[in-house]
Protein chains: 2
Amino acid sequence: MLRADAQRNLDRLKAAALEVFRERGLGSPLEEIAKRAGVSVGTLYNRFGSREALIDAVIPDLMAANVERIRLDANAATDPWERVERYFNGLLEMQIADPAVSDAVARAYEGSPDVSAVCAAALDEGARLLDAVRTGDPSFTRDDLGALLVANSALIATGGADAARRIVAVLLAGLRPA
Amino acid sequence: MLRADAQRNLDRLKAAALEVFRERGLGSPLEEIAKRAGVSVGTLYNRFGSREALIDAVIPDLMAANVERIRLDANAATDPWERVERYFNGLLEMQIADPAVSDAVARAYEGSPDVSAVCAAALDEGARLLDAVRTGDPSFTRDDLGALLVANSALIATGGADAARRIVAVLLAGLRPA
DNA sequence: CACGAAGTTGAGGATAGCCTCAGGTTCTCT
DNA sequence: AGAGAACCTGAGGCTATCCTCAACTTCGTG
């Protein structure tokens, strides 16, 4: 059981981390987070030990909520192909709207286990939706969706949100069954 | 006119820069380049003044040669669509084969003027080849090709050369006229 | 060959983040 | 209230890279 003040600091740290990560991405200086939480860096390290742990503490929920929302929206469509489109576009817009999520997706291979888990689930759902439509050749796999998210992340980071939208649109056009 | 020893050092610096950039990308420590040239950092700064200038001194030729080779190969095809395919795939393989080029492409918006010029020429040629085929909707623009190169660069940097190949393949499939 | 111009050197100041730990503070329980 | 466990602090050591500049070396010419 945490002491009352410690619990309060921990909550503040999480809140600050979420704020800062969403503003400047997952690479933000941890000192900035500590500062915004009104706490010293030492405390941050006492509580979390590493940036990864801090990310794991605040990002998975954020991502899971987003992914779930997108999943529901996509599945609300009756046409299987429209589901795919909505899902892909939804993920893209999620990345554009939130640098923290975009970063998390792009680095899912390393790092925080919980973040990786949410990513994996998101890819699984994408694969499931794709399975429901007859895709052309070359067929698009689960891993390809992962690659697409990484690519989007890079484009968004360099200010190319629109470029990412175009790429996804063309890609979807290519995947669309005849 | 440069003094003989100065000229020699300059040549060595260029050679070393090319080596190091191709091995580790355009962000490599300049100290490493100086060291490999058998010269002090001070000399590097005396000669080039900045990383950008050094890049401009060695990368444009490298890129231009590559792009020209790809352009020729693409135009050797008789079918207009095959030209597009060869050009896109050629650029991609160039990026995969050379981190320095990949970096240069990804950062063409800022930085070195000569590098930007070569990039612009490469995009122009892509647009020209695309114009020759009836592309579907959404039509792929010059800027979209730029975005694709940036995306590829990111994928390659995270070890996803194959992922980039897949993305390009699906994208080409989507662009292919009926 | 000697002298001035041209060129080189590399230690070190500056920046930016990471992470630690000895010492001080605050909570909580009795 | 007193004691001690729990917690917090933040200066400072560490890494990595950039860039500078006063002192030194070398070249090339008269």
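We name chains A, B, ... by the order of the sequence lines, and we start the count at 1 in each one.
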| note | Picking from D:dT9, D:dC7, D:dT20, the nucleotide nearest the side-chain atoms of A:Val39 would be D:dT9
| request: Return the minimal non-hydrogen interatomic distance between A:Asp103 and A:Ser153, and the atom names on each side. | output: N-OG, 4.3 Å
| query | Tell me, what's DNA chain C's dot-bracket, Watson-Crick or G-U with both distances under 3.5 Å, | for other-strand, [ ] crossing? | reply | ||||||||||||||||||||||||||||||
| What are the two closest heavy atoms between B:Val133 and B:Pro177, and how far apart are they? | CB-CG, 4.4 Å
| note | Considering only heavy side-chain atoms of A:Asn46, the closest of C:dC19, D:dT9, C:dT9 is D:dT9
| field | B:Leu172 and B:Trp81: CA distance, side-chain angles, deciding distance, side chain to side chain contact (heavy atoms under 4.5 Å, CB included) verdict | value | CA-CA 10 Å; B:Leu172 280 172; B:Trp81 174 251; 4.1 Å; yes
| query | Within this structure, what is the CG-to-C1' distance between B:Leu26 and D:dT17, rounded to whole angstrom? | reply | 16 Å
Would you list the atom pairs, donor with acceptor, under 3.5 Å between side chains in residues 54-75 of chain B and any protein atom, with sequence neighbours excluded?
residue, atom, partner, partner atom, Å
B:Asp56, OD1, B:Asp114, N, 3.4
B:Asp56, OD1, B:Val115, N, 3.4
B:Asp56, OD2, B:Asp114, N, 3.4
B:Asn66, OD1, B:Arg69, NH2, 2.8
B:Asn66, ND2, B:Leu62, O, 3.1
B:Glu68, OE1, B:Arg71, NE, 3.0
B:Glu68, OE2, B:Arg71, NH2, 3.1
B:Asn75, OD1, B:Arg128, NH2, 3.2
B:Asn75, ND2, B:Arg71, O, 2.9
B:Asn75, ND2, B:Glu125, OE2, 3.0

| request: May I have the distance from A:Arg12 (atom CZ) to D:dC7 (atom P), rounded to whole angstrom? | output: 16 Å
| said: Does a side-chain N or O of A:Asn9 approach OP1 or OP2 of D:dC8 to a distance below 4.0 Å, or not? | reply: yes
| request: Grab the two heavy atoms, one from A:Ile156 and one from A:Ala164, that are nearest each other, plus how far apart they are. | output: CG1-CB, 4.5 Å
| field | Shortest non-hydrogen separation from A:Ala163 to B:Ala147 and the atoms involved | value | CB-CB, 3.3 Å
| field | Reading 5' to 3' through nucleotides 25-30 of chain D, protein heavy-atom contacts under 4.0 Å coded B for base, S for sugar-phosphate only, - for none | value | -BSS--
| query | Quick one: is A:Thr43 getting a side-chain N or O under 4.0 Å of the D:dT9 phosphate, OP1 or OP2? | reply | yes
| Once you round it to whole Å, what is the distance between P of D:dC19 and CD1 of B:Ile33? | 12 Å
| field | Separation of D:dC8 P from A:Phe48 CZ (nearest whole Å) | value | 11 Å
| Looking at the side chain of B:Pro29, which of C:dG17, D:dC18, D:dC7 is the nearest nucleotide? | D:dC18
| Should B:Asp162 and B:Arg165 count as an ion pair when the cut-off is N to O under 4.0 Å? | yes
| note | Between A:Ala127 and A:Arg142, the two heavy atoms sitting closest are CB-CG, 3.8 Å
| field | Spacing of A:Lys35 atom NZ relative to D:dT9 atom P, expressed in whole Å | value | 15 Å
| request: Can you tell me the distance, in whole Å, between the CD atom of A:Glu31 and the P atom of D:dA11? | output: 11 Å
| note | When rounded to whole Å, the OH to C1' distance for the pair B:Tyr45 and D:dT17 reads 8 Å
| Starting at the 5' end of DNA chain C, which residue's closest nucleotide do you reach first, A:Gly42 or B:Gly42? | B:Gly42
| Between the side chains of B:Thr141 and B:Asp144, is a donor N or O closer than 3.5 angstrom to an acceptor N or O? | yes
| message | Between C1' on D:dC19 and CD on B:Glu52, what's the gap in Å once rounded to a whole number? | response | 15 Å
| task | Among the candidates D:dC19, C:dT9, D:dG10, find the nucleotide nearest to the side-chain atoms of A:Val41. | result | D:dG10
| A:Asp11 versus A:Gln7, side-chain donor and acceptor atoms under 3.5 Å | yes
